[in-house]
Amino acid sequence: MNQIKSDTLSWSRLEYGNWNFYVAATSKGLSYVGEPNSSFGKMEDWAKRRFPQSEFILDDTRLQSFKKELLEYLQGKRKWFTFSTDVQGTVFQTRIWGALQQIPYGETWTYSQIADMIGKPSAVRAVGAAIGSNPVLISIPCHRVIGKNGTLTGYRGGLEMKRYLLRIEKQVKVNHIEK
């Protein structure tokens with residue numbers, strides 16, 4: 001697993017409605033968006049595993065631009081992000097996370113479609129596991145992946161959040177087409 005040996009990992013909290021998210025970034029980009037209302041300890045555990053040599057500090061100013069874009073997305077005012085990400089995972093995981101970024105805004109793909117896209121049609125379970133380990137919710141759009149029968153399946157942020165994200169994407173897409 002790739003790990004950054006010496007960098008500062010800055011973190012902050014993002015508030016949106018009843019949801020509070022912890023977010024973290026290195027100097028290379030956004031590294032973590034937690035699920036709504038999870039504990040600080042969960043983010044801290046993640047940081048210790050993925051960036052064990054990094055200094056972990058609260059820095060609202062450093063995270064402001066990331067938080068601004070995430071809020072705009074949650075409000076239906078933004079379709080894509082301009083910031084870079086710095087995600088740490090296996091080669092397979094990072095390949096899957098790259099595939100997720102190919103799913104167009106407002107659309108959904110199935111786990112099978114992702115497996116086919118990477119040339120591993122029999123690796124649907126492994127694809128699901130890699131999607132579930134995506135450390136950057138929202139900006140790497142794992143919420144756009146659904147079950148083969150069209151049902152909403154597991155999501156680290158919870159099915160309520162997944163429904164919300166898909167709903168705002170559909171609304172923005174429809175409003176854009178109507179104008």
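Bear in mind the structure is a predicted one, so any value in this text is a computation, not a measurement. The first residue of the sequence shown is numbered 1, and numbering continues consecutively from there.
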> In this structure, which one of M161, K162, R167 forms a side-chain contact (heavy atoms from CB on, under 4.5 Å) with L165?
Replying inline: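 Looking at M161, K162, R167, the match for L165 under the side-chain contact (heavy atoms from CB on, under 4.5 Å) is M161.
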Could you state the interatomic distance from [atom1] ([X]) to [atom2] ([Y]), rounded to the nearest 0.5 Å?
| X | Y | atom1 | atom2 | answer |
| --- | --- | --- | --- | --- |
| N37 | N18 | CG | CG | 7.5 Å |
| L137 | R156 | CG | CZ | 3.5 Å |
| D86 | L30 | CG | CG | 9.5 Å |
| R78 | I138 | CZ | CD1 | 12.5 Å |
| L63 | S10 | CG | OG | 6.0 Å |
| T8 | D59 | OG1 | CG | 9.0 Å |

>> Please enumerate all residues that pass ring pair (Phe, Tyr, Trp, His ring centres under 6.0 Å) together with W46, with sequence neighbours excluded.
In response: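 W46 satisfies ring pair (Phe, Tyr, Trp, His ring centres under 6.0 Å) with Y32, F51 once adjacent residues are dropped.
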> So Y164 and Y16, side-chain hydrogen bond (donor to acceptor under 3.5 Å, both in side chains) or not? Walk me through it.
Replying inline: CA-CA 12 Å; Y164 176 79; Y16 179 73; 2.6 Å; yes
>> Just to verify, what does K120 make a side chain to side chain donor-acceptor pair (under 3.5 Å) with, not counting sequence neighbours?
In response: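 Side chain to side chain donor-acceptor pair (under 3.5 Å) list for K120, sorted by chain: empty.
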Within the 4.5 Å heavy-atom criterion, are [X] and [Y] side-chain neighbours or not?
| X | Y | result |
| --- | --- | --- |
| W97 | I131 | no |
| W109 | I146 | no |
| T108 | I103 | no |
| Y111 | T153 | yes |
| N20 | L14 | no |

Search all heavy atoms of [X] against all heavy atoms of [Y] and return the closest pair with its distance.
| X | Y | value |
| --- | --- | --- |
| T110 | G147 | CG2-O, 3.7 Å |
| M43 | V23 | SD-O, 4.0 Å |
| N134 | I140 | ND2-O, 2.9 Å |
| S133 | Q93 | OG-NE2, 3.0 Å |
| Y105 | I168 | OH-O, 3.9 Å |
| P135 | S31 | CB-O, 3.6 Å |

>> If you apply the rule salt bridge (charged side-chain N to carboxylate O under 4.0 Å, His left out), what do you find for E72 with K77, and how did you get there?
In response: CA-CA 5 Å; E72 289 171 349; K77 297 176 183 176; over 6 Å; no
Taking [Y]'s backbone N and O only, do any of them form a donor-acceptor pair with [X]'s side chain (distance below 3.5 Å, no angle check)?
| X | Y | value |
| --- | --- | --- |
| S54 | F56 | no |
| E69 | T82 | yes |
| K42 | Y22 | no |
| W11 | E44 | no |
| T94 | T90 | yes |
| E169 | G106 | yes |

> Looking only at side chains, do S12 and K67 share a donor and an acceptor under 3.5 Å apart?
Replying inline: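 Short answer, yes.
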> Do the ring planes of F21 and W19 sit parallel (below 30°), tilted (30 to 60°) or perpendicular (above 60°)?
Replying inline: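 Taking W19 first and then F21, their aromatic rings stand perpendicular (interplane angle over 60°).
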> Where does the angle between the aromatic ring planes of H143 and Y155 fall among parallel (under 30°), tilted (30 to 60°) and perpendicular (over 60°)?
Replying inline: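 Taking Y155 first and then H143, their aromatic rings stand perpendicular (interplane angle over 60°).
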> Could you go step by step and tell me if F66 and V33 meet the side-chain contact (heavy atoms from CB on, under 4.5 Å) rule?
Replying inline: CA-CA 10 Å; F66 299 108; V33 176; over 6 Å; no
>> Is it the case that over 12 heavy atoms from other parts of the model lie below 6.0 angstrom from the CD atom of Q101?
In response: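 More than 12 heavy atoms, drawn from other residues, nucleotides or ligands, come within 6.0 Å of this atom.
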> Under 4.5 Å between side-chain heavy atoms, hopping through other hydrophobics if needed: is there a path connecting F83 to W80?
Replying inline: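 No, because F83 and W80 fall into different hydrophobic clusters, even though each may have its own neighbours under 4.5 Å.
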